[in-house]
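Notes follow the structure.
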Amino acid sequence: MSDTRRKLTTIFCADVQDYTRLMGADEEGTLATLKRCREAMGRLIESHGGRVINTWGDGLIADFPSVVEAVRAAVDTQNELAGFNARRPADGRMLFRIGINLGDVIVEGEDIYGDGVNIAARLQASAAPGGIVISSTVYDQVRNKVAVGFEFLGPLTVKNVQDGVPSYAVKIGDGSDEPPPFQRSVAPRPQPAAITETRSAPERRRLFSVLGVIGIVLVGVNLLTWDGVFWARFPLLAFAVIAALAWSRDQRRFDRRMTGLAIVAIGIIGINVLTWSGTFWAVWPILGIAAAFGLRWSMRR
């Protein structure tokens, strides 16, 4: 009977983009190229302290005790393969996609199983040809330790995983379309770890600008038709809540759902204050929101 246990490890998954097309065009040549690329990848994985667990078709899975070394191995792999592909025709290049996840897995003999592996495979499938996609658990460990940039891709839907998995694309090199010259285990060019947001900053600024202009116009109308009542306070409060929810949707520092609940609670308090009649009725909806907040907090993984 095989020994079954669990462990926390870094899972590295890779496969070839358009492998079926390459095989259809030249089976023997594609297999020879795949073997050469796998040998290079295996050498780099071992040099960074990892081990190749399994290969199938055009795929490969490995694990690493170090998250940082797993990402460095992936970057070195893509750099070396980019040099190899630079000497090949465009329609004959073998471009690998790599996904990396840090998770708890089931170990049975030499194989690993579980959601941690499934997430790594899904990240790999979402990577661009010649690219690397990592989970947020990996990003948290390497963001200040590996000289590459990161682009936030948003939550990734994974089968059998309740919540979306936040993912990041690893930005290698200077972003040009031309592959780097051939070199072995090339260190990535240092660049700031700039993270793009789920929605562009200009789009969010436009929303804030539109709300601000409309708010100013309403205040002006209210003042020009003044009859002793500042009715513009209600649309201004609604605009403030909308802007706060838009910010919450794009930020990554806090849990978005919990932040959204907090913003709604503040909005209800604002309505209570603006319509004050001596009764703090907002205590009841806030109590319900606090209960939902507590349930959400307790169910966080």
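Along the sequence shown, the residues carry numbers beginning at 1. The structure displayed is predicted, hence computed values, not measured ones.
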Salt-bridge criterion met for [X] and [Y] (N-O under 4.0 Å):
X	Y	result
Glu39	Arg36	no
Asp63	Arg51	yes
Glu80	Arg43	yes

With a 4.5 Å heavy-atom cut-off, do [X] and [Y] have their side chains touching?
X	Y	answer
Arg6	Val105	no
Arg88	Thr33	yes
Phe150	Val170	yes
Asn118	Arg122	no
Ser126	Leu156	yes
Ser135	Ile100	no
Val133	Gln124	no

Determine whether a donor-acceptor pair (N or O, by modelled atom type, separation under 3.5 Å) exists between the side chain of [X] and the backbone of [Y].
X	Y	answer
Asn222	Val229	yes
Arg87	Phe84	no
Thr137	Leu102	yes
Gln78	Gly131	yes
Asn272	Ile268	no
Asp15	Asp58	no
Arg93	Ala82	no

Under 4.5 Å between side-chain heavy atoms, hopping through other hydrophobics if needed: is there a path connecting [X] to [Y]?
X	Y	answer
Ile271	Ile269	no
Val52	Ile11	no
Leu237	Val264	yes
Leu236	Leu211	no
Ile172	Val138	yes

Mind listing the side-chain donor-acceptor pairs of residues 18-25 below 3.5 Å, one per line with the distance, residues two or more places apart or on another chain?
residue : atom : partner : partner atom : Å
Arg21   : NH1  : Asp91   : O            : 3.0

Atom of [X], atom of [Y] and distance for their closest heavy-atom approach:
X	Y	result
Pro166	Phe152	CB-CE1, 3.9 Å
Val148	Lys171	CB-O, 3.6 Å
Pro235	Leu218	CB-CD1, 3.6 Å

Evaluate the side-chain contact (heavy atoms from CB on, under 4.5 Å) criterion for residues Phe239 and Val241: first the C-alpha distance (whole Å), next the side-chain angles of each, then the deciding distance (0.1 Å), finally the verdict. CA-CA 5 Å; Phe239 293 164; Val241 171; over 6 Å; no
Step-by-step side-chain contact (heavy atoms from CB on, under 4.5 Å) determination, Leu123 to Asn101: CA-CA 8 Å; Leu123 293 168; Asn101 179 47; 4.0 Å; yes
Gap separating the [atom1] atom of [X] from the [atom2] atom of [Y], nearest 0.5 angstrom:
X	Y	atom1	atom2	answer
Arg72	Ser47	CZ	OG	11.5 Å
Ile45	Thr77	CD1	OG1	6.0 Å
Gln17	Leu95	CD	CG	7.5 Å
Tyr168	Tyr139	OH	OH	5.0 Å
Arg5	Lys7	CZ	NZ	6.0 Å
Met94	Leu81	CE	CG	9.5 Å

Take Leu60 and Cys13 through the side-chain contact (heavy atoms from CB on, under 4.5 Å) test and state the conclusion after the steps. CA-CA 6 Å; Leu60 177 147; Cys13 283; over 6 Å; no
What residues, two or more places apart in sequence or in another chain, satisfy ring-ring contact (aromatic ring centres under 6.0 Å, His included) together with Phe64?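 With sequence neighbours excluded, Phe64 shows a ring-ring contact (aromatic ring centres under 6.0 Å, His included) to Phe12, given in chain and number order.
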Output, in order, the C-alpha distance, side-chain angles, deciding distance and verdict of side-chain contact (heavy atoms from CB on, under 4.5 Å) for Thr275 and Phe234. CA-CA 10 Å; Thr275 60; Phe234 295 107; 3.5 Å; yes
Donor-acceptor pairs are to be reported for all side-chain atoms of residues 276-295 against protein atoms at under 3.5 Å, with residues two or more places apart or in another chain.
none

